[in-house]
Amino acid sequence: MEEDSKPLLGSVQAGEYYTDSLDPRQRRPFHVEPRYIVGDDVQERVSAEASALNSRVQYYGRLTASSDRLLVPPDHVIPAAEDIYIYSPLGTAFKVQGGDATGKNPSIVTIFAIWNTMMGTSILSMPWGIKQAGFTLGIIIIVLMGLLMLYCCYRVLKSTKSIPFVDTSDWEFPDVCKYYFGAFGKWSSLIFSLVSLVGAMVVYWVLMSNFLFNTGKFIYNYVHNVSTSDTEFGTNGSDKVICPYPGLDPDRNRSVFLFSVSDNSTGHAVFDRWWSKTNTVPLYLIALLLPLLNFRSASFFARFTFLGTISVLYLIFLVTLKAIRLGFHLDFHWFDTSMFFVPEFRSLFPQLTGVLTLAFFIHNCIITLMKNNKHQENNVRDLSLAYLLVGLTYLYVGVLIFAAFPSPPLSKECIEPNFLDNFPSGDILVFVARSFLLFQMTTVYPLLGYLVRVQLMGQIFGDQYPGFLHVFVLNIFVVGAGVLMATFFPNIGSIIRFSGALCGLALVFVLPALIHMTSLKRRGELRWPSAVFHTFLILLGVANLLGQFFM
């Protein structure tokens, strides 16, 4: 019985021959038939490679005598740690815990990794989205969209488990789409994944232009002792809130130079001309970011991903402090618009659903994130807790900024798609937030570009870096899209809602629902309630996209 508890191949040292397993009594087969493995999922039990390695080890065993060391199985024949089992004479085997498994993340790390990955630029648009839908309806929509997106993400996570008799341990969602729908499924999932990435890069460019402009403006005003308090339409006091477009003109292309009214000197006019949020600053970013996109590897920038967590935590602190100082300004008008307040239920609510589709979007990488979870049986629970944390964060920021926005004297309609624009450039706390976000986005932008390159070039050319010219042309296209949007349409709320609704149509609503129904149908388990519900999900995705064009 003592022999039966030993590892299958004895003790193995990396880079050495496993000489202590030459005794036939110690040599155990590490490939065990799936039906004999205890406490594991059938589809994750034994890989085809493990079976092949088992045959090779047995081949070496037949050639080797117990005293002959010439034909000892070399280390490259030794199975990987995840393919080693403890064998029982009863015909069962238990997977060895250790090796790579010890390097996997506990549940708390997995939850916060999902939260950190999902937390993006959409958090800046939450107050604007609530304003577009109405305060009460906005809260309801955030909760319902969070639940809906969680279920669709759950369907993506379980999609690899629905494929019988195939090792899907290294599959991603495009592989699942290819299995069910052929090349069309693979390319459609790839294209819409690229849409989400490029859309995020465009939003980043618009925001980086915004943050760089306001940062430069703060420094210039501080050095030249320029005050803008008399030229900004907003509240008085130490925590000033402004309405950048008091006429509520939806045209965001016009230039507003708040301090040029009080001082028309030549120096300020020159600064205004060469430091414009839409005309010049987006072009300045090219010199900084275009060279970074051409790096072969983005590993250097991956070291700064922790800045995303710091930025979100600082935003939460900033929102809390502003809400405490400003207080709450709410007046409930259920369907009628007043001078300073918006109705609780507005017909513009599809704009919020479009933003939330991207805000809760993690479907294209959830399988990869969950592979690193130490306890795979807790995947559904950890995913649900991560979505709960994300939803609470969005609700916290959106509700507090909307409620604390000082109405009167300002109208709630003044809330901007980037709520930081509702604070003057001279606000030191907001200046710190913009500086944090600017540096963080400068490091994340090359990572997004790297993901676009890997997905696109890898599929077209079979190489992640086919050549400098190919990569340069791709980067010119991506950067050009960002510059054009930052120049002519710098409204991140609209960019987020359109890109979110477009990529969400395929990767959130259509493909996961179709894959689930197809899988059930092939097993003969599809019933009409499930068919009706998942068809309804597809129709919701279509309505979400169409709603963006009519609102």
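This one's a predicted model, so the numbers in the text were calculated from it and none came from an experiment.
For Asn214 (side chain) and Asn210 (main-chain N/O), a donor-acceptor pair under 3.5 Å exists by modelled atom type. With hydrogens and angles ignored, the 3.5 Å screen pairs a side-chain donor or acceptor of Asn422 with a backbone N or O of Cys414. Under the 3.5 Å distance criterion, the side-chain polar atoms of Thr487 are left unmatched by any main-chain donor or acceptor of Asn279. With hydrogens and angles disregarded, a donor-acceptor distance shorter than 3.5 Å links the side chain of Trp275 to the backbone of Phe213. Although no hydrogens or angles enter the test, the distance criterion places a donor-acceptor pair under 3.5 Å between the side chain of Lys412 and the main chain of Phe405.
Legend: residues meeting side chain to side chain contact (heavy atoms under 4.5 Å, CB included) with Asn475, ordered by chain and number and at least two apart, are Leu290, Leu293, Asn294, Val471. Partners of Leu207 according to the side chain to side chain contact (heavy atoms under 4.5 Å, CB included) rule, which considers only residues two or more places apart in sequence or in another chain, are Thr121, Leu124, Val203, Phe211, Asn418, Met441, Ile492. Taking the side-chain hydrogen bond (donor to acceptor under 3.5 Å, both in side chains) definition, one finds that His534 meets it with Tyr151, Ser530, sequence neighbours left out. With sequence neighbours excluded, no residue forms a side-chain hydrogen bond (donor to acceptor under 3.5 Å, both in side chains) with Ser122. Residues passing the side-chain hydrogen bond (donor to acceptor under 3.5 Å, both in side chains) test with Thr136 are Glu344, sequence neighbours excluded. Tyr396 pairs by the side-chain hydrogen bond (donor to acceptor under 3.5 Å, both in side chains) definition with Thr320, not counting sequence neighbours.
In this structure, the ring of Phe498 has its center less than 6.0 angstrom from the ring center of Phe549.
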Step-by-step side-chain contact (heavy atoms from CB on, under 4.5 Å) determination, Tyr450 to Val454: CA-CA 6 Å; Tyr450 176 77; Val454 167; 3.6 Å; yes

Thr160/Phe173 under side-chain contact (heavy atoms from CB on, under 4.5 Å): CA gap, chis, key distance, verdict: CA-CA 8 Å; Thr160 57; Phe173 191 57; over 6 Å; no

CA sep, side-chain torsions, deciding dist, call: Val202, Phe489, side-chain contact (heavy atoms from CB on, under 4.5 Å): CA-CA 11 Å; Val202 170; Phe489 192 73; over 6 Å; no

Step-by-step side-chain contact (heavy atoms from CB on, under 4.5 Å) determination, Glu172 to Lys371: CA-CA 11 Å; Glu172 298 294 339; Lys371 283 179 182 177; 3.6 Å; yes

ring-ring contact (aromatic ring centres under 6.0 Å, His included) assessment of Phe360 paired with Tyr394: CA-CA 10 Å; Phe360 285 112; Tyr394 286 149; 5.5 Å; yes

Donor-acceptor contacts under 3.5 Å from residues 107-114 side chains, at least two apart:
| unit_1 | atom_1 | unit_2 | atom_2 | d |
| --- | --- | --- | --- | --- |
| Ser107 | OG | Arg381 | NH2 | 3.1 |
| Ser107 | OG | Asp382 | OD2 | 2.9 |
| Thr110 | OG1 | Pro106 | O | 3.2 |
| Thr110 | OG1 | Asn373 | OD1 | 3.1 |

Show me the donor-acceptor pairs within less than 3.5 Å that the side chains of residues 535-542 make with the rest of the protein, sequence neighbours left out.
| unit_1 | atom_1 | unit_2 | atom_2 | d |
| --- | --- | --- | --- | --- |
| Thr535 | OG1 | Ala531 | O | 2.6 |

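Listed by first and then second residue, the side chain to side chain donor-acceptor pair (under 3.5 Å) pairs that reach into residues 196-206 come to none, sequence neighbours excluded. Among residue pairs with one or both ends in residues 508-519, those qualifying as side chain to side chain donor-acceptor pair (under 3.5 Å) are Arg155-His516, Ser519-Arg523; sequence neighbours excluded. Identified under the side chain to side chain donor-acceptor pair (under 3.5 Å) test for residues 184-194, with sequence neighbours left out: Lys186-Gln459, Ser193-Asn364, Ser193-Gln455. Evaluation of the salt bridge (Lys or Arg N to Asp or Glu O under 4.0 Å) test over residues 487-499, restricted to residues two or more places apart or in two chains, returns none.
Rounded to the nearest 0.5 Å, atoms CZ (Phe431) and CG (Asn221) are 11.5 Å apart. If you take CG on Leu507 and CG on Leu190, they are separated by 9.5 Å, rounding to the nearest 0.5 Å. Atom NZ of residue Lys322 and atom CG of residue Leu400 lie 13.5 Å apart, to the nearest 0.5 angstrom. Expressed to the nearest 0.5 Å, how far CD1 of Ile415 lies from OG of Ser125 amounts to 12.0 Å. Rounded to the nearest 0.5 angstrom, Ile428 CD1 and Ser435 OG are separated by 11.5 Å.
Counting heavy atoms from C-beta outward, Glu416 and Trp128 have side chains that stay 4.5 Å or more apart. Side-chain contact check for Leu330 versus Phe402: some heavy-atom pair is nearer than 4.5 Å.
The minimum heavy-atom distance linking Cys503 with Leu358 is given by the pair SG-CD1, 4.2 Å.
For Phe533, the CZ atom is densely surrounded, since the number of other residues' heavy atoms within 6.0 Å is greater than 12. The number of heavy atoms from other shown groups lying within 6.0 Å of CZ (Phe218) is above 12. Open room surrounds CZ on Phe550; 12 or fewer heavy atoms of other groups in view lie less than 6.0 Å from it.
Between Tyr314 and Phe317, the ring planes are tilted. Angles from 30° to 60° get that label.
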